Amino acid sequence: PGEIGLDQLDGLGDEDEAELPGWVDEAHARATNRAEALAQWTDAFFGAPALDAERTDTFLRLIVGDDWDRKDGHSLKVRARGQVQLPGISRRLHLVFEGQPEDENLAGEDSASRSEDAGFRLNVRNRKRGRIDATLSASSSGLVPGVRLRYQDDLSDNSWYRATQRFQYDTGDGGRSISQLGLYRYLDEGSMLQLHGRIRYREDRGFWDWRGSLVYRRWLSDHEKYPSALQYFIGWGGDTNPDLGTRNFRFGML
């Protein structure tokens, strides 16, 4: 059947009652698709690590930036993040490299466990709601085998959640666990609200650290002609280190 607006549901006769759930499902799907389209567009635009972690193509992000601090002055940084598809071996296998430290991910979204990792990712299972990846990377301290699990589902027509769990074992530093949860709310045709939380444990450190953020995103009215969007965020974080016990708060915009 073709697309039917919600205002047309009231005009259906008794003979159409058996098909009514189908029309409702279609309207629900359209609302969900609009929300997902906005989320995917803004994730791609801002280079969200969560999106890059599940891409199937070959890509490269080159990040050139200058950090300025009132006390330390300027610091020029050049980083790269990307992956290479290896179809000659398997379309599920990718060579990946991560050059963006996790601590610089202001929104607290899914990302690699450490900076400057390079290695392989094998997609074991991939469904719309669930995904399993096996990873093997190399770092300055040794090899890092691991597994990444992801599950996502709708909460309503315009809100959904995404949960990821990563387990890794560094042959030099020991085991680590990263648990993350994201809640997403579609507000209107051009804006959405995101709440992110992450908790991590590293055996070499012996304590937990955590961070979270509340993010508001809006694409501008001419985004199709001139790709442009705004992001405002409030972030917080800390750890359970008995010696430091740091607590951090930040806010800003992109």
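The model shown is predicted, which means the values in this text are computed figures rather than measured ones.
- Residues Arg202 and Asp204 are paired through a salt bridge, judged by an N-O separation under 4.0 Å between the basic side chain and the carboxylate.
- Residues satisfying the side-chain hydrogen bond (donor to acceptor under 3.5 Å, both in side chains) criterion with Asn241, sequence neighbours excluded, are absent altogether.
- Checked against the 6.0 Å centroid threshold, His94 and Phe59 do not count as a close aromatic pair.
- Between the side chain of Thr240 and the backbone N or O of Trp208 there is at least one donor-acceptor pair closer than 3.5 Å.
- Put simply, CG on Asp209 and OH on Tyr201 are 11.5 Å apart, with the number rounded to the nearest 0.5 Å.
- Within the model, atoms CG of Leu193 and CG of Asn158 stand 11.5 Å from one another, a figure rounded to the nearest 0.5 Å.
- For the atom pair OG (Ser191) and CZ (Arg185), the distance works out to 11.0 Å, reported to the nearest 0.5 Å.
- Here the CZ-CD distance, from Arg150 to Gln180, works out to 13.0 Å after rounding to the nearest 0.5 Å.
- Annotation: side-chain hydrogen bond (donor to acceptor under 3.5 Å, both in side chains) contacts of Gln85 (sequence neighbours excluded): none.
- For the pair Trp160 and Asp153, the tightest heavy-atom approach, listed with the atom from each and the gap, is CB-O, 3.2 Å.
- At distances below 3.5 Å, not a single donor-acceptor pair connects side-chain atoms of Asp154 with backbone N or O atoms of Ser156.
- Residues forming a side-chain contact (heavy atoms from CB on, under 4.5 Å) with Ala229 (at least two apart in sequence, or on another chain): Trp41, Phe45, Phe46, Trp219.
- Atom CZ of Arg247 has more than 12 neighbouring heavy atoms from other residues, nucleotides or ligands inside a 6.0 Å radius.
- Linking Ile, Leu, Val, Met, Phe, Trp and Tyr whenever their side-chain heavy atoms come within less than 4.5 Å leaves Val124 and Val96 in two separate clusters.
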Problem set entry | Check against side-chain hydrogen bond (donor to acceptor under 3.5 Å, both in side chains), Gln152 and Arg129 | CA-CA 5 Å; Gln152 63 186 21; Arg129 295 182 179 178; over 6 Å; no

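- Using a 4.5 Å cut-off between side-chain heavy atoms of Ile, Leu, Val, Met, Phe, Trp and Tyr, with links allowed through other members, Ile132 and Tyr151 fall into different hydrophobic clusters.
- Under a 3.5 Å cut-off, the side chain of Ser159 and the backbone N or O of Tyr184 do not form any donor-acceptor pair.
- The distance from atom CG of Leu181 to atom CZ of Arg162, rounded to the nearest 0.5 Å, is 11.0 Å.
- Between Asp66 and Lys77, none of the side-chain N atoms (NZ, or NE/NH1/NH2) sits under 4.0 Å from a carboxylate O, so this pair counts as no salt bridge.
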Exercise. Hey, mind stepping through Arg217 and Asp43 against side-chain contact (heavy atoms from CB on, under 4.5 Å) and telling me if it holds?
Worked result: CA-CA 10 Å; Arg217 285 178 173 178; Asp43 278 350; 2.6 Å; yes

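- Listed for the Thr42 side chain is a donor-acceptor partner under 3.5 Å among the backbone atoms of Leu38.
- Between Arg211 and Asp239 there is no salt bridge, since no side-chain nitrogen of the basic residue lies less than 4.0 Å from a carboxylate oxygen of the acidic one.
- Put simply, the side chain of Asn123 never gets that close to the backbone of Leu93: no donor and acceptor are under 3.5 Å apart.
- The side-chain hydrogen bond (donor to acceptor under 3.5 Å, both in side chains) check on Asn248 picks up nothing, with sequence neighbours excluded.
- Considering every non-hydrogen atom in both Leu62 and Ala80, the closest pair reads CD1-CB, 4.4 Å.
- Taking the ring-ring contact (aromatic ring centres under 6.0 Å, His included) definition, one finds that Tyr232 meets it with nothing, sequence neighbours left out.
- Partners of Asp72 by salt bridge (Lys or Arg N to Asp or Glu O under 4.0 Å), not counting sequence neighbours: none found.
- When hydrophobic clusters are built by joining Ile, Leu, Val, Met, Phe, Trp and Tyr residues whose side-chain heavy atoms come closer than 4.5 Å, directly or via intermediates, Phe167 is not grouped with Leu122.
- Gln83 places a side-chain N or O within donor-acceptor distance of the main-chain N or O of Asp57, the cut-off being under 3.5 Å.
- Here Asp188 pairs with Arg218 under the salt bridge (Lys or Arg N to Asp or Glu O under 4.0 Å) rule; sequence neighbours left out.
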Exercise. Which is it for Asp170 and Arg176 under the side-chain contact (heavy atoms from CB on, under 4.5 Å) test, yes or no, and what are the steps along the way?
Worked result: CA-CA 8 Å; Asp170 191 311; Arg176 63 189 63 168; 3.5 Å; yes

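- Sorted pairs that involve residues 83-94 and meet salt bridge (Lys or Arg N to Asp or Glu O under 4.0 Å), not counting sequence neighbours, are lacking altogether.
- Remark: Phe233 CZ to Leu254 CG distance equals 5.5 Å, nearest 0.5 Å.
- Counting only heavy atoms from C-beta outward, the side chains of Tyr226 and Leu220 never approach each other to under 4.5 Å.
- A heavy-atom distance below 4.5 Å is not found between the side chains of Gln194 and Leu214.
- Using a 4.0 Å cut-off between charged nitrogen and carboxylate oxygen, Glu54 and Arg121 do not count as a salt-bridge pair.
- For Arg131, the salt bridge (Lys or Arg N to Asp or Glu O under 4.0 Å) partners two or more places apart in sequence, or in a different chain, are Asp133.
- Take Trp236 and apply the ring-ring contact (aromatic ring centres under 6.0 Å, His included) test, not counting sequence neighbours, and it matches no residue.
- For the side-chain hydrogen bond (donor to acceptor under 3.5 Å, both in side chains) test, residues two or more places apart in sequence or in another chain that qualify with Ser179 are Gln165.
- Using cut-offs of 30° and 60° on the angle between ring planes, the pair Trp68 and His74 is tilted.
- Listed by chain and number, the residues in a salt bridge (Lys or Arg N to Asp or Glu O under 4.0 Å) with Arg127 amount to none (sequence neighbours excluded).
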